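Letters A, B, ... are given to chains in the order of the sequence lines, protein chains preceding strands, and every chain is numbered from 1. These numbers were taken from a predicted model, which means no experiment stands behind them.
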Number of protein chains: 2
Amino acid sequence: MSTQERLVRSTQELLWERGYVGTSPKAILERAGVGQGSMYHHFAGKSDLALAAIRRTAETMKESADACLSGPGTAYERVAAYLLRERRVLRGCPIGRMTQDRDVVQSPELRQPLDEMFGWLRGRIAEVLAEGQRRGELAAALDPAATAATVAAVVQGGYVLARAADDTAPFDAAVRGALALLASQVTPAAG
Amino acid sequence: MSTQERLVRSTQELLWERGYVGTSPKAILERAGVGQGSMYHHFAGKSDLALAAIRRTAETMKESADACLSGPGTAYERVAAYLLRERRVLRGCPIGRMTQDRDVVQSPELRQPLDEMFGWLRGRIAEVLAEGQRRGELAAALDPAATAATVAAVVQGGYVLARAADDTAPFDAAVRGALALLASQVTPAAG
DNA sequence: GTCTATAAATGGATAGAC
DNA sequence: GTCTATCCATTTATAGAC
């Protein structure tokens with residue numbers, strides 16, 4: 001693996017674990033196993049390296065979410081697949097985590113990948129729900145965009161509740177509650 | 001206002017804005033307008049002061065949430081009052097924010113107020129929903145505990161989505177979607 | 001109780017040898 | 001390209017004067 005690649009991956013891990021403020025260039029270098037000079041040769045500095053790492057993480061998350069949402073089954077089943085997919089809940093969301101970092105949200109460049117990723121996610125879930133309505137699987141009264149935001153929020157908020165409790169149970173409960181509510185919108189004919 | 005009080009309030013503000021890692025004793029002192037010695041006279045150090053600040057913030061949040069949830073109206077109306085209450089959405093939740101801070105969740109003492117606060121919140125919402133069921137306002141099939149976790153998660157996740165977008169719209173959409181789903185559980189007789 | 005002075009460690013980055 | 005050495009500010013805390 002190239003030095004650049006090792007630096008990016010170390011940064012991805014550290015940003016996830018400690019956030020932007022909590023991640024020092026020194027820690028990145030140590031984890032990557034490279035010297036100080038290498039980092040400043042390949043990247044302009046901490047924020048430049050963070051940008052590369054955040055973009056990479058956002059892209060990966062997008063792909064893994066899309067695998068659930070574009071899979072087979074009804075709209076309800078695809079949303080359920082997304083909500084129930086395996087997660088290391090107590091680690092939290094690597095992208096959602098960045099929204100709590102002042103330096104990240106205040107930098108248009110660093111915030112952009114977060115905005116893009118969550119915007120895409122809400123849009124994709126809304127598409128799945130709208131498709132379910134067209135197929136007659138879901139109640140026509142459902143607002144696809146609002147419901148999509150709710151689904152995305154349940155996941156992000158579930159992480160918060162789980163980390164506060166140091167227990168995955170609140171995450172699972174939040175997902176279960178959301179799915180039960182959504183199930184009540186599934187039309188009898190399609191159920 | 002006493003020196004102690006000024007220190008606690010400055011810490012509350014800074015923890016909200018910058019998180020635990022991002023908050024230095026120096027910044028606290030400057031905002032409080034006191035010297036270095038005062039802080040170490042009244043508090044053992046940064047974490048001790050943070051503990052006082054987090055406890056205070058959690059207590060305040062509990063009171064303000066309870067004001068909505070214990071108000072007048074049907075169960076749906078009380079949950080709606082909580083979800084729709086005025087918030088400075090882009091600032092995020094001062095308690096939820098702490099769950100993204102490694103040093104906080106790894107310290108049993110610092111995490112305890114978060115756990116207590118969110119545990120209480122989920123329990124209180126569940127009580128309101130269960131009461132609604134007993135009164136015949138809400139469908140009996142609803143799982144109060146799971147739905148309560150969903151409601152709490154929607155708020156916390158809504159903050160995340162809003163901060164990523166630098167726009168309150170995703171928060172409002174998530175709340176609207178959750179309320180629409182919950183409204184479908186309101187029994188016709190009580191609607 | 002409150003202040004300033006000081007200290008040891010870390011943060012983020014630059015210089016320059018190889 | 002990669003490394004070590006160096007730099008200055010900040011972090012967290014202690015010491016001790018007032």
So, B:E127 and B:R124, do they make that salt bridge, N to O below 4.0 Å? yes

Note: B:L121 and B:A152 closest approach over all heavy atoms is CD2-CB, 4.1 Å

_Donor-acceptor side-chain pairing of B:R87 and B:Y159 below 3.5 angstrom_ = yes

Taking only N/O atoms, report every protein-nucleotides 11-14 of chain D pair under 3.5 Å with atom names and distance.
residue, atom, partner, partner atom, Å
D:dT12, OP1, B:K46, NZ, 3.1
D:dA13, OP2, B:Y40, OH, 3.4
D:dA13, OP2, B:K46, N, 3.2
D:dA13, N7, B:Q36, NE2, 3.1
D:dA13, N6, B:Q36, NE2, 2.6

Taking atom types as modelled, is there a side-chain donor on B:T187 or B:E137 under 3.5 Å from an acceptor on the other? no

Within residues 5-14 of chain B, the residues having a heavy atom closer than 4.0 Å to DNA chain D are none

Atom CG of A:L29 and atom C1' of D:dT4 are separated, to the nearest Å, by 13 Å

In terms of heavy-atom contacts, B:I54 and B:I95 come closest through O-CD1, 4.0 Å

Do B:L110 and B:Y20 come close enough that some side-chain heavy atom pair is under 4.5 Å?
yes

Considering only heavy atoms from C-beta outward, does the side chain of B:P25 approach that of B:Y40 to under 4.5 Å?
-> yes

### Validation row: B:R122, A:L161 side chains within 4.5 angstrom (heavy atoms)
yes

DNA chain C: first to last nucleotide in contact with chain A (atom under 4.0 angstrom from a heavy atom), 5' to 3', is C:dG11 to C:dT14

Nearest heavy-atom contact between A:A173 and B:A149 is CB-CB, 3.8 Å

**OP:** Give a yes-or-no answer on whether the side chains of A:D66 and A:S70 include a donor-acceptor pair shorter than 3.5 Å.
**Re:** yes

